[in-house]
Structure formats: C-alpha cells, structure tokens
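Lettering of chains follows the sequences in order, A, B, ..., and the numbering in each one begins at 1. Because the structure is predicted, anything quoted here is derived from the model rather than measured.
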Amino acid sequence: MSETKHEPILRARDLTVEFVLRQGTLRAVEGVHLDVFPGELLAVVGESGSGKSTMAYGLINMVSSPGRVSGGQVLYKGKDVLRLEPEALRQFRWKEVAMVFQAAQNALNPVMRVEDQMVDTVQDHEQKPRAEVLGRAAELLKLVRLTPERVLKAYPHELSGGMRQRVILALSLLLNPRILLLDEPTTALDVVTQAYLLDILLEIRQKFGVAMVFMTHDISIVAKVAERVAVMYAGRIVESGPVEEIFYRPRHPYTWGLIQAAPSLVGDLSGKRPVQGSPPDLFHLPPGCRFHPRCAFASERCRQAEPDREEFSDGMVACHHWQEVAAVREGRVPAPATTEGCR
Amino acid sequence: MNGPLISMQNISICFQKGIFRRRTEVRAVDSVSLDIAPGEIVALVGESGCGKTTIGKALAGLHRPTEGKVLYQGQDIWKLGRQAFSEYRRDVQLVHQDSFAALNPVLTIVQSLSAPLQRYGLVPAGRTVRSVVGEYLEMVELTPADQFLDKYPHQLSGGQRQRVILARALSVKPKLIIADEPVSMVDVSLRLALLNLMARMNRDMGVAFAYITHDLATARYLAGKGRIVVMYLGGMVELGPLGDVLERPRHPYLQALLSAVPVPDPLLARARKMLPLRSLEMPDPTNPPPGCRFHPRCPYAEGLCGETVPGLQPEGNGCMVACHLKERIPLWTPCSGVSPSRLA
C-alpha cells in the first residue's frame with residue numbers, strides 16, 4: 001500500500017556482508033532486501049547474532065575489516081552508497097543518514113565539552129558560524145528534554161548514561177539527516193527512561209519528518225512506535241510488514257514464536273510459550289531453512305531448500321509453510337504436535 | 001516449620017566511596033525488612049541503583065549488613081558457627097546475570113559441577129559423579145547430557161550456560177535460590193524456557209526463589225502466584241501479592257514504572273499513557289533527596305514528602321505501601337477505556 005504512496009529513499013537489494021575469519025567465512029547478513037520510506041519508523045527485530053547491527057553498518061557502507069560487503073546494492077536517492085567516493089561517502093554519512101550506535105553513551109569524546117563536539121560535528125560537514133550551531137544544538141537538546149545551558153558546558157562524565165544517550169540523539173540530528181539508524185538505542189536504559197526516549201523519538205519523527213530504522217532485540221518495544229517491522233533471523237529477513245500484521249497476523253513461525261514468547265503485563269499468560277532450541281551458529285548453518293531445527297512446521301522441504309521471498313502488497317515472508325501457519329493461527333487447523341509439546 | 005525460611009530485619013547496607021578525605025558513604029539499602037517463606041517465590045523489582053542486587057547478596061551472606069540482621073531459619077547468619085554457616089551457604093544459592101563469568105572457562109561442565117557435589121558429599125555410594133552430574137543436566141533439559149558434560153563454557157549458548165548454572169545451584173539441594181537477573185542476558189526467544197524451568201524447580205522440588213529483576217513482565221510471568229517487592233533508591237516502596245499489587249498499584253513510582261513497561265500489542269501500546277514524572281533523572285544515590293526519595297520526581301509530591309521518610313503501611317489485603325499521600329493518589333490506569341482485547 002505504502003509503496004504506491006511514495007518511493008523508498010533507501011533501498012537495499014541482496015545486501016550480503018561477510019566476515020573472513022580464521023575459522024572460515026561467516027555470512028552475518030545474507031541477501032537482505034530492505035526499503036526505508038521517507039519519514040517512517042521501521043523496526044528491525046532480531047536476537048543477538050541475527051545480523052541487525054551488521055546490516056545497519058552495511059547500509060552506510062561502514063563495515064570494517066575483517067568484514068566486507070560482498071554483494072548487493074544500497075541505493076540512496078538512486079545512488080549506490082557502496083560505490084560512493086570517500087568524500088561523497090563522508091558527506092552522505094551524518095548529513096543524509098546518521099547513526100546512533102549501541103552503547104552510544106560511550107560514544108562521546110570524554111575530554112571535550114558537549115558544545116565543542118556539537119560544533120566540530122557540524123563544521124566537519126559545512127561552514128556555519130559557531131553561534132548558529134549552538135543555537136540549533138540548544139533547540140535539539142530541549143527537544144530531548146535536556147537543559148541546554150547546563151549540558152552544553154558539561155563534559156560527558158558529568159552526565160548520566162541516559163542523558164548522554166539523549167545528547168548523542170541531539171548530535172545525530174544536528175545536520176538534519178533524512179534517515180536515522182538507531183541500534184538498540186534503549187537497551188542500556190531503565191524502563192522509565194526508555195519509555196520517555198520512545199516518546200521523544202516519536203516527537204522528533206513528527207517534527208522533522210526523519211525516517212528511523214530502529215534495531216532492537218525486544219519485540220515488545222516496537223509495538224508502540226513502529227509503523228513497519230522487519231524480523232531478522234540468522235542473517236536473513238524472514239518477514240516484514242505493517243506492525244499490526246506482524247503482531248496480530250504473523251506469517252513466519254519465528255515471528256509468531258517471538259510474540260508468544262514475550263511476557264506481558266496485560267492479558268492472559270497461558271498462551272505464552274518459549275521458542276524451542278537455540279539460534280544457530282553462523283559457521284554451521286543448518287541446511288535449507290535456517291529456522292527449521294526450531295520450527296514446529298518444519299517438513300522435508302524445509303530441511304532441503306531455503307524458502308524464497310514471498311512478496312505481498314504490504315510485506316514479505318520467507319517460509320515454505322506460511323499458509324499453514326496462518327491456518328493454525330486462525331484456528332482452522334490444529335497446531336502441529338510439536339508446538340503444543342514444546343517447552 | 002512455620003516460620004520464614006529467611007528473614008531480613010531492618011537491614012541497611014552502606015558502602016564507602018572514594019578515598020581519604022573525599023570519602024563518602026553510600027546507603028545502598030536503607031532499613032529493609034522482608035521474610036521469605038519456604039517454597040515461596042518473591043520478585044524483587046526495581047531499576048538500576050535501587051539496591052535489589054545488594055539485597056540479594058545480603059540474603060546470600062555475601063554482604064554483611066551495616067545495620068540489622070539476616071535470620072536464616074531463625075538464626076542470625078553472622079553469628080553461626082562454621083558448620084552451620086556452611087550449611088546455610090549450601091541451602092541458599094545465588095544465580096547471577098552473567099553465566100559466562102560464573103563458570104570457570106578452563107573447566108569442562110562436568111568438572112565445574114562435580115566440585116560442589118563432592119564438597120558436600122552428595123554422590124550416593126555406588127554411583128559416579130559423572131552420572132549424578134548428567135542427571136542434573138537432564139533435569140534442566142540439557143539432553144542428552146552426554147553432549148554437554150565435556151563441553152567448555154564457551155561452547156554453549158547463553159541460555160544453555162544459564163541452565164548449567166541452575167543445575168549447579170540445584171545439585172546441592174538448596175532451599176532458596178536467589179536469581180539475580182537470570183534471563184536478562186539471554187536471547188528473548190529463550191527467556192521463557194528458563195523461567196518455566198525455574199517455575200518447575202519451585203513446583204516440583206519446593207525450592208523458594210528470590211527473583212531479582214528490572215523487568216516487571218517476567219516477574220509477573222514467574223511470580224504470578226507469589227509476592228512482589230518494588231524498590232526505589234534503596235528502599236521498599238510497595239509489596240504484596242503480585243496479582244493485587246500489579247492490578248492496583250498505589251505508589252506513584254510503581255504506577256510510573258508500570259505505565260512505562262512496553263506491551264507487545266500495538267493497539268494497546270499506543271493507547272497507554274505514561275504517568276508524567278517531574279524529572280527524568282534518577283537522583284544520585286550517594287546524595288539521596290531528604291524525605292521520600294521519590295518526591296523530586298513525583299507528580300503528586302507535597303511539603304511533607306520532602307521532609308519525612310514515609311514508612312511502609314499495611315493496606316489490609318496483605319499489601320504494604322510507603323507513601324504519605326496514598327489515600328489521595330488516584331489509581332493510575334495506563335489505558336483507561338481500552339480493554340486488552342487482542343491478548344485476552
């Protein structure tokens with residue numbers, strides 16, 4: 001639906017990122033298709049090792065050795081980011097696409113005042129007088145619920161983790177990027193601070209129309225803020241779609257499993273059950289569908305052939321049995337024996 | 001035995017911070033009293049810096065309280081003789097958040113798990129240690145045990161290592177397991193399985209649990225029929241049967257915390273509103289505010305709140321709340337008018 005409304009501003013096709021290590025070559029991200037539409041909030045959900053951070057690095061062509069982007073394209077406004085000249089790439093990063101890294105609290109320079117880091121960041125990209133930069137910085141700091149007079153003069157150690165996180169967020173918005181990549185932005189935060197940060201993100205998105213790609217391991221967090229969700233498993237996107245579809249009508253057994261495994265404060269807990277097994281070792285991926293050893297729907301076909309992407313008007317799924325998953329979810333057919341018995 | 005298994009009586013724990021003249025005292029736990037009955041599950045919930053881990057360590061005999069007593073089966077643990085103290089240490093086991101740090105990296109699983117069995121003479125005559133260890137591994141669903149016995153910790157996943165730790169705790173037949181954030185470093189898809197395992201250990205073997213966590217949703221899952229203790233900056237703010245407390249939270253801090261917990265349901269999550277706090281920042285624990293420690297952030301705070309520390313007052317239904325204004329504070333419903341239709 002949204003695809004007819006407007007064109008994606010960032011488009012990854014078949015993005016593959018490899019790490020060449022002593023033990024062999026590891027594909028952390030494989031054949032990822034991802035579209036980011038202007039001003040949307042797209043959540044990428046995946047457990048540790050699913051490749052979500054690596055994918056984000058791939059999107060801004062920032063995979064460092066021993067990793068490398070070994071295939072695919074990343075198109076930003078029609079240009080391939082993976083082929084940009086160093087200077088163009090430098091301008092692209094932060095000005096067009098900014099990233100808030102995991103543990104961003106520690107990303108500030110400890111021996112520089114916040115104001116100097118703000119000015120440095122801007123002047124590295126464009127000629128702007130200091131006063132103008134600080135004016136904009138103050139405005140952004142207010143937006144993230146910080147007191148500019150105090151924070152601008154402060155050194156990072158004088159601020160709490162949650163405050164530093166918000167300083168980084170303000171810093172990432174200084175150049176008015178069109179896309180903000182947020183890698184686990186709330187993970188180190190307390191529950192209350194996390195909830196406020198999510199509200200702040202929604203406000204920023206509304207105010208600046210910046211698209212956000214929000215990477216997290218916790219599917220519960222994205223329910224409130226995301227418009228679309230992509231679910232990653234062992235380096236691949238297994239399902240994507242509008243947030244309501246993902247939560248209420250998941251097509252992939254892994255997505256469904258994650259939702260059933262998320263403890264909640266509301267509602268009945270009797271339907272909650274864990275996903276059986278453990279995520280695979282990327283050096284020894286199972287043949288066929290990567291999820292099949294943990295999947296109640298797995299058949300011979302899943303053990304042999306990796307499922308193709310099945311596209312819909314509003315999303316995709318990569319599962320041989322998504323129709324059966326839907327039938328079981330809707331109660332049209334009984335669940336496969338192993339889903340009931342799984343621990 | 002009708003008395004509590006373990007009882008904390010008015011304990012305070014202080015730490016020294018800094019050196020020489022700049023030395024200051026941090027009161028990590030301030031006058032906390034709590035009983036845990038045999039076979040009970042108590043969830044200790046709070047955000048970072050609330051003192052929940054310090055309480056866990058005090059229960060396990062790793063921190064000696066600066067004030068107050070910890071009684072185990074009626075005896076002050078710091079006055080026990082060597083033999084009795086050793087028995088208490090065996091009865092009360094601690095499971096940490098970081099399963100990797102809790103296992104010796106150069107020992108195999110069977111080596112790590114043999115030591116406590118031999119130390120306490122828990123290998124029955126005619127059986128090998130290996131077979132006993134194997135039995136415990138099967139109990140925590142690491143099956144077949146043969147595949148795990150000779151592995152090193154780094155060869156296991158986080159969830160598997162945490163199971164090994166639970167097996168080790170279980171192997172000395174404890175009466176109480178203090179589980180400090182046992183699932184927060186484990187992949188989301190595996191958390192529920194570990195919680196189920198702990199629930200089963202409680203049900204089948206009668207092991208009591210002190211479940212220490214920042215995550216109210218997992219606390220509700222594990223301790224649904226047990227009790228909850230909510231902490232803020234070193235003190236208890238509310239406690240009682242978990243279902244009652246979560247249904248009718250009285251303390252404004254708990255109301256804020258509950259309204260901030262993410263809910264895995266888009267319609268419901270969007271309808272929920274945060275209780276607006278006056279400040280986002282947690283006060284510095286080395287310099288806590290006077291009076292009620294929550295008052296600088298509390299939207300309802302009045303003059304009295306900044307002056308006197310509110311004590312825990314019984315509510316009648318087994319709940320206790322530490323708030324001067326509890327009679328006047330409205331019940332905060334995060335999403336009034338919206339029923340959890342999808343999840344119910």
Side-chain angles (χ1 to χ4, degrees), chain A residues 45 47-50 145-146 160-163 166 186 188-199 217-226 229 233 242-244 246-248 254 257-269 271-279 281 294 342-343, chain B residues 46-50 141 156-160 185-197 200 214-222 224 246 253 256-270 272 274-275 277 279-282 284 297 334-335 339-344:
Chain A
V45 177
E47 296 179 87
S48 53
S50 63
R145 320 267 200 281
L146 290 171
S160 75
M163 291 165 89
R166 281 176 282 146
T186 64
L189 304 179
D190 274 326
V191 187
V192 174
T193 323
Q194 165 178 292
Y196 274 101
L197 191 78
L198 293 179
D199 282 349
H217 68 281
D218 186 352
I219 198 164
S220 304
I221 293 179
V222 310
K224 183 172 181 180
V225 294
V229 179
Y233 186 77
V243 65
E244 289 88 356
I246 295 288
F247 277 87
Y248 302 139
Y254 176 62
L258 274 185
I259 291 162
Q260 286 182 312
S264 177
L265 269 184
V266 282
D268 184 15
L269 293 176
K272 294 285 169 196
R273 50 177 59 89
V275 184
Q276 50 187 336
S278 317
D281 171 2
R294 305 177 70 184
C342 84
R343 301 185 286 246
Chain B
E47 296 182 282
S48 50
C50 75
E141 291 152 7
L156 304 182
S157 73
Q160 289 169 336
M185 279 175 72
V186 172
D187 270 327
V188 190
S189 71
L190 309 176
R191 286 184 187 168
L192 228 53
L194 274 170
L195 295 173
N196 287 349
L197 182 64
R200 230 188 48 223
H214 70 283
D215 183 353
L216 278 160
T218 59
R220 174 174 182 242
Y221 187 80
L222 180 68
L246 294 193
Y253 171 65
L257 196 58
L258 276 169
S259 68
V261 173
V263 172
D265 181 312
L267 292 178
L268 205 55
R270 282 181 218 137
R272 283 166 73 89
M274 280 281 294
L275 178 72
L277 295 184
S279 154
L280 264 182
E281 307 309 326
M282 186 85 87
D284 178 5
R297 302 174 72 191
C335 43
S339 66
S341 55
R342 303 278 180 169
L343 280 167

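Neither the backbone nor the side chain of B:L197 comes within contact range of chain A; no heavy atom of the residue lies under 4.5 Å from a heavy atom of that chain. If you measure heavy-atom distances from A:Q260 to chain B, the contacts under 4.5 Å come from the backbone alone. For B:L257, the parts lying under 4.5 angstrom from a heavy atom of chain A are both the backbone and the side chain.
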Derivation and outcome, side chain to side chain contact (heavy atoms under 4.5 Å, CB included), residues A:H217 and B:D187
CA-CA 8 Å; A:H217 68 281; B:D187 270 327; 5.9 Å; no
Go through it in stages, so that I can follow the logic: the residues are B:L268 and A:V266, the test is side chain to side chain contact (heavy atoms under 4.5 Å, CB included), and I'd like the CA-CA distance, side-chain angles, deciding distance and then a yes or no.
CA-CA 9 Å; B:L268 205 55; A:V266 282; 3.4 Å; yes
Please step through side chain to side chain contact (heavy atoms under 4.5 Å, CB included) for the pair A:K224 and B:V263, ending with a clear verdict.
CA-CA 8 Å; A:K224 183 172 181 180; B:V263 172; over 6 Å; no
Kindly determine whether A:S160 and B:M282 satisfy side chain to side chain contact (heavy atoms under 4.5 Å, CB included), including the steps that lead there.
CA-CA 9 Å; A:S160 75; B:M282 186 85 87; over 6 Å; no
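Residues A:V192 and B:A260 share a closest heavy-atom pair of CA-CB, 3.8 Å. Between B:S157 and A:S278, the shortest heavy-atom contact is OG-OG, 3.9 Å. Listed here is the closest heavy atom pair of A:P274 and B:A193: CB-N, 3.4 Å.
Proximity of B:H214 to A:V191: side-chain heavy atoms (C-beta onward) are separated by under 4.5 Å at one or more points. Side-chain contact check for B:R191 versus A:P263: every heavy-atom pair is 4.5 Å or farther apart.
Remark: the backbone N or O of B:V188 is not paired with any side-chain donor or acceptor of A:D218 at under 3.5 angstrom.
Of the charged side-chain nitrogens involved, at least one lies within less than 4.0 Å of a carboxylate oxygen, so that B:E281 and A:R166 count as a salt-bridged pair.
B:Y221 pairs by the ring-ring contact (aromatic ring centres under 6.0 Å, His included) definition with nothing, not counting sequence neighbours.
The distance from the CG atom of B:L192 to the CG atom of A:L258 is 11.5 Å, given to the nearest 0.5 Å.
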